[in-house]
Q: 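Can you keep this structure in mind? I'll have questions shortly.
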Amino acid sequence: MFDSQCDLAALVYETDQDPDTVLHDFAASLGRQGIRAVGLVQLGHREVDVPKLNAVMLHSGEQVRLFQDLGPGARGCKLDVGQLLDAGSRVADAIDAGADLVIINRFGKQEREGKGLAYLIERALSGDIPVVIAVPAHRFNEWIAFADGMSVKLPCAREALDAWWLKVSSRGGTVPEPVQQSFCAVVK
(Lines give C-alpha, C1' and ligand atoms only; values in the text may rest on other atoms or scores of the structure.)
Protein backbone atom coordinates (compact mmCIF):
# COMPACT_ATOMS: atom_id res chain seq x y z
CA MET A 1 0.00 0.00 0.00
CA PHE A 2 2.85 2.43 0.74
CA ASP A 3 5.90 3.32 -1.31
CA SER A 4 9.02 3.93 0.77
CA GLN A 5 10.20 6.37 -1.90
CA CYS A 6 7.04 8.48 -1.76
CA ASP A 7 7.78 12.19 -1.40
CA LEU A 8 5.08 12.50 1.26
CA ALA A 9 5.77 10.88 4.63
CA ALA A 10 3.60 10.64 7.72
CA LEU A 11 5.58 10.35 10.95
CA VAL A 12 2.95 8.46 12.93
CA TYR A 13 3.14 8.81 16.69
CA GLU A 14 1.37 7.48 19.75
CA THR A 15 0.41 9.71 22.70
CA ASP A 16 3.52 8.64 24.64
CA GLN A 17 5.90 9.58 21.79
CA ASP A 18 7.50 12.95 21.02
CA PRO A 19 7.45 13.66 17.28
CA ASP A 20 8.57 17.25 17.85
CA THR A 21 12.00 16.28 19.15
CA VAL A 22 12.41 13.70 16.37
CA LEU A 23 11.51 16.25 13.67
CA HIS A 24 13.58 19.05 15.17
CA ASP A 25 16.68 16.87 15.55
CA PHE A 26 16.20 15.54 12.01
CA ALA A 27 15.99 19.07 10.58
CA ALA A 28 19.03 20.20 12.57
CA SER A 29 21.05 17.25 11.30
CA LEU A 30 20.06 17.99 7.71
CA GLY A 31 21.02 21.63 8.21
CA ARG A 32 24.50 20.63 9.33
CA GLN A 33 24.80 18.74 6.03
CA GLY A 34 23.81 21.82 4.02
CA ILE A 35 20.29 20.57 3.34
CA ARG A 36 17.62 23.25 3.76
CA ALA A 37 14.59 22.05 5.70
CA VAL A 38 11.83 24.61 6.06
CA GLY A 39 8.68 24.39 8.09
CA LEU A 40 7.26 24.50 11.56
CA VAL A 41 7.78 22.20 14.55
CA GLN A 42 5.97 22.43 17.87
CA LEU A 43 7.96 23.34 20.99
CA GLY A 44 7.44 22.59 24.64
CA HIS A 45 4.88 19.86 24.06
CA ARG A 46 6.09 17.89 27.06
CA GLU A 47 7.08 20.81 29.29
CA VAL A 48 4.68 21.74 32.11
CA ASP A 49 5.36 25.51 32.06
CA VAL A 50 5.11 25.99 28.28
CA PRO A 51 1.81 26.29 26.41
CA LYS A 52 1.47 23.35 24.04
CA LEU A 53 1.00 25.52 20.98
CA ASN A 54 4.36 27.20 20.54
CA ALA A 55 6.44 26.35 17.51
CA VAL A 56 9.76 27.10 15.88
CA MET A 57 10.27 28.07 12.25
CA LEU A 58 12.94 25.59 11.18
CA HIS A 59 14.43 27.79 8.49
CA SER A 60 14.84 30.88 10.69
CA GLY A 61 14.87 29.62 14.27
CA GLU A 62 12.11 32.10 15.13
CA GLN A 63 9.67 30.99 17.80
CA VAL A 64 5.98 31.47 17.08
CA ARG A 65 3.19 31.50 19.62
CA LEU A 66 0.22 29.60 18.19
CA PHE A 67 -1.58 29.64 21.52
CA GLN A 68 -4.41 32.00 22.34
CA ASP A 69 -5.13 32.54 26.00
CA LEU A 70 -8.86 32.14 26.45
CA GLY A 71 -8.67 32.65 30.19
CA PRO A 72 -9.01 30.28 33.11
CA GLY A 73 -11.54 27.51 32.69
CA ALA A 74 -12.01 28.09 28.96
CA ARG A 75 -12.59 24.93 27.00
CA GLY A 76 -12.56 26.23 23.43
CA CYS A 77 -9.85 25.71 20.85
CA LYS A 78 -6.63 27.29 22.04
CA LEU A 79 -5.10 27.42 18.57
CA ASP A 80 -4.68 30.97 17.26
CA VAL A 81 -5.63 30.32 13.64
CA GLY A 82 -4.44 33.78 12.57
CA GLN A 83 -0.96 33.09 13.94
CA LEU A 84 -0.96 29.65 12.27
CA LEU A 85 -1.86 31.18 8.92
CA ASP A 86 0.79 33.88 9.33
CA ALA A 87 3.39 31.21 10.11
CA GLY A 88 2.18 29.23 7.09
CA SER A 89 2.66 32.27 4.88
CA ARG A 90 6.25 32.60 6.09
CA VAL A 91 6.86 28.90 5.43
CA ALA A 92 5.44 29.36 1.91
CA ASP A 93 7.88 32.23 1.35
CA ALA A 94 10.72 30.00 2.56
CA ILE A 95 9.62 27.26 0.14
CA ASP A 96 9.68 29.79 -2.68
CA ALA A 97 13.17 30.91 -1.61
CA GLY A 98 14.40 27.34 -2.01
CA ALA A 99 13.86 24.27 0.13
CA ASP A 100 15.07 20.69 0.05
CA LEU A 101 12.45 19.43 2.50
CA VAL A 102 9.26 20.75 4.10
CA ILE A 103 8.35 19.70 7.63
CA ILE A 104 4.83 20.33 8.88
CA ASN A 105 4.09 20.31 12.57
CA ARG A 106 0.89 18.30 12.77
CA PHE A 107 -1.98 16.82 10.90
CA GLY A 108 -4.59 18.40 13.16
CA LYS A 109 -8.20 19.49 12.93
CA GLN A 110 -7.41 22.43 10.64
CA GLU A 111 -5.49 20.24 8.19
CA ARG A 112 -8.14 17.49 8.27
CA GLU A 113 -10.59 20.11 7.05
CA GLY A 114 -8.21 21.22 4.29
CA LYS A 115 -7.29 24.39 6.20
CA GLY A 116 -4.33 25.35 8.38
CA LEU A 117 -1.05 24.32 6.78
CA ALA A 118 -2.59 21.78 4.38
CA TYR A 119 -1.92 23.99 1.35
CA LEU A 120 1.82 23.83 2.05
CA ILE A 121 1.81 20.10 1.32
CA GLU A 122 0.48 20.63 -2.19
CA ARG A 123 2.74 23.63 -2.73
CA ALA A 124 5.86 21.66 -1.79
CA LEU A 125 4.95 18.50 -3.68
CA SER A 126 4.08 20.47 -6.82
CA GLY A 127 7.64 21.82 -6.65
CA ASP A 128 9.07 18.28 -6.21
CA ILE A 129 10.02 19.02 -2.59
CA PRO A 130 9.52 16.10 -0.18
CA VAL A 131 7.24 16.66 2.82
CA VAL A 132 7.08 15.03 6.23
CA ILE A 133 4.24 15.66 8.67
CA ALA A 134 3.57 14.39 12.19
CA VAL A 135 0.31 12.42 12.30
CA PRO A 136 -1.27 11.14 15.52
CA ALA A 137 -1.91 7.39 15.30
CA HIS A 138 -5.59 7.86 16.11
CA ARG A 139 -5.93 10.13 13.06
CA PHE A 140 -3.99 7.99 10.61
CA ASN A 141 -7.10 6.78 8.76
CA GLU A 142 -8.14 10.42 8.27
CA TRP A 143 -4.63 11.17 7.02
CA ILE A 144 -4.86 8.36 4.46
CA ALA A 145 -8.15 9.80 3.21
CA PHE A 146 -6.62 13.30 3.07
CA ALA A 147 -3.48 12.10 1.25
CA ASP A 148 -5.55 9.82 -0.99
CA GLY A 149 -3.32 6.93 0.07
CA MET A 150 -0.24 8.53 -1.50
CA SER A 151 1.97 8.57 1.58
CA VAL A 152 4.58 6.50 3.30
CA LYS A 153 3.90 5.62 6.94
CA LEU A 154 6.93 6.06 9.19
CA PRO A 155 7.19 5.07 12.84
CA CYS A 156 8.06 7.93 15.19
CA ALA A 157 11.79 7.21 15.15
CA ARG A 158 14.76 9.13 13.81
CA GLU A 159 16.11 6.03 12.05
CA ALA A 160 12.90 5.76 10.01
CA LEU A 161 13.17 9.41 8.93
CA ASP A 162 16.82 8.99 8.00
CA ALA A 163 16.09 5.88 5.91
CA TRP A 164 13.17 7.59 4.13
CA TRP A 165 15.23 10.71 3.45
CA LEU A 166 18.12 8.70 2.06
CA LYS A 167 15.82 6.98 -0.45
CA VAL A 168 13.90 10.11 -1.42
CA SER A 169 16.85 12.49 -1.62
CA SER A 170 19.15 10.15 -3.56
CA ARG A 171 16.46 9.64 -6.17
CA GLY A 172 15.84 13.39 -6.44
CA GLY A 173 19.46 14.41 -6.72
CA THR A 174 19.62 16.17 -3.35
CA VAL A 175 22.52 14.02 -2.18
CA PRO A 176 25.67 15.20 -3.93
CA GLU A 177 27.34 12.72 -6.25
CA PRO A 178 30.97 11.89 -5.50
CA VAL A 179 33.34 13.95 -7.60
CA GLN A 180 35.25 11.84 -10.13
CA GLN A 181 38.83 12.97 -10.43
CA SER A 182 41.18 12.10 -13.23
CA PHE A 183 44.33 10.12 -12.51
CA CYS A 184 46.42 13.26 -13.10
CA ALA A 185 44.40 15.26 -10.57
CA VAL A 186 44.85 12.55 -7.93
CA VAL A 187 48.65 12.35 -8.29
CA LYS A 188 49.23 16.13 -8.35
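Since this is a predicted model, take the numbers as computed values, not measurements. We're numbering straight along the sequence, starting at 1. Computed from heavy atoms alone, side chains included, the values below leave out hydrogens, waters and symmetry copies.
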Q: Give the C-alpha distance, both sets of side-chain angles, the deciding distance and a yes or no for side chain to side chain contact (heavy atoms under 4.5 Å, CB included) between Asp7 and Met150.
A: CA-CA 9 Å; Asp7 283 349; Met150 300 302 292; over 6 Å; no

Q: When rounded to the nearest 0.5 angstrom, what distance separates CD in Glu142 from NZ in Lys109?
A: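 Here the rounded value is 11.5 Å.
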
Q: For residues Met57 and Leu40, report the shortest heavy-atom separation together with the two atoms involved.
A: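 Shortest heavy-atom separation between Met57 and Leu40 comes out as SD-CD1, 3.3 Å.
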
Q: Determine the interplanar angle of the Phe146 and Phe107 rings, folded into 0 to 90°, and report it as parallel if under 30°, tilted if 30 to 60°, perpendicular if over 60°.
A: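 Correct class here is tilted.
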
Q: Where do Ile133 and Trp143 land on the side chain to side chain contact (heavy atoms under 4.5 Å, CB included) test, with the steps shown first?
A: CA-CA 10 Å; Ile133 183 169; Trp143 165 255; 3.5 Å; yes

Q: So does Glu113 have more than 12 non-hydrogen atoms from other groups sitting under 6.0 Å from CD?
A: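 Yes, enclosed.
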
Q: If you measure from CG on Leu120 to CG on Asn105, what distance do you get to the nearest 0.5 Å?
A: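 Between atom CG of Leu120 and atom CG of Asn105 there are 11.5 Å.
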
Q: What distance separates Ile35 CD1 from Ser169 OG, expressed to the nearest 0.5 Å?
A: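 So the gap between those two atoms works out to 6.0 Å.
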
Q: Strictly distance-based, threshold 3.5 Å: is any side-chain N or O of Ser29 a donor or acceptor partner for the main-chain N or O of Asp25?
A: no

Q: Only one of Ile129, Leu117, Asp96, Val131 forms a side-chain contact (heavy atoms from CB on, under 4.5 Å) with Arg123, so which one is it?
A: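 In the set Ile129, Leu117, Asp96, Val131, the residue that makes a side-chain contact (heavy atoms from CB on, under 4.5 Å) with Arg123 is Asp96.
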
Q: Quick one: which of Gln63, Arg65, Gln42 gives a side-chain contact (heavy atoms from CB on, under 4.5 Å) with Asn54?
A: Arg65

Q: Measuring from Ile121:CD1 to Ser126:OG, what's the distance to the nearest 0.5 Å?
A: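 Reported to 0.5 Å precision, the distance equals 12.0 Å.
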
Q: Is the backbone of Ile95 close enough, under 3.5 Å, to the side chain of Arg36 for a donor and an acceptor to pair up by distance?
A: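 It does not hold such a pair.
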
Q: For the pair Tyr13 (side chain) and Ala157 (backbone), establish whether a donor and an acceptor sit closer than 3.5 Å, ignoring hydrogens and angles.
A: no

Q: So, Glu111 side chain and Gly108 main chain: donor-acceptor pair closer than 3.5 Å or not?
A: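 It does hold such a pair.
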
Q: Just by modelled atom types, is the Glu159 backbone N or O under 3.5 Å from a matching donor or acceptor in the Trp164 side chain?
A: no

Q: Pair Asp20, Arg106 - check salt bridge (charged side-chain N to carboxylate O under 4.0 Å, His left out), show working.
A: CA-CA 9 Å; Asp20 308 317; Arg106 290 282 192 280; 2.6 Å; yes

Q: Grab the two heavy atoms, one from Gly61 and one from Val56, that are nearest each other, plus how far apart they are.
A: O-CG2, 3.5 Å

Q: Mind checking the CG-CG spacing from Leu154 to Leu161? Nearest 0.5 Å is all I need.
A: 6.0 Å

Q: Test your reading of the model: is there a side-chain donor-acceptor pair from Ser89 to the backbone of Leu85, 3.5 Å cut-off?
A: no

Q: In Å, rounded to the nearest 0.5 Å, how long is the span from CD1 of Ile104 to CG of Leu23?
A: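 Here the interatomic distance stands at 11.0 Å.
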
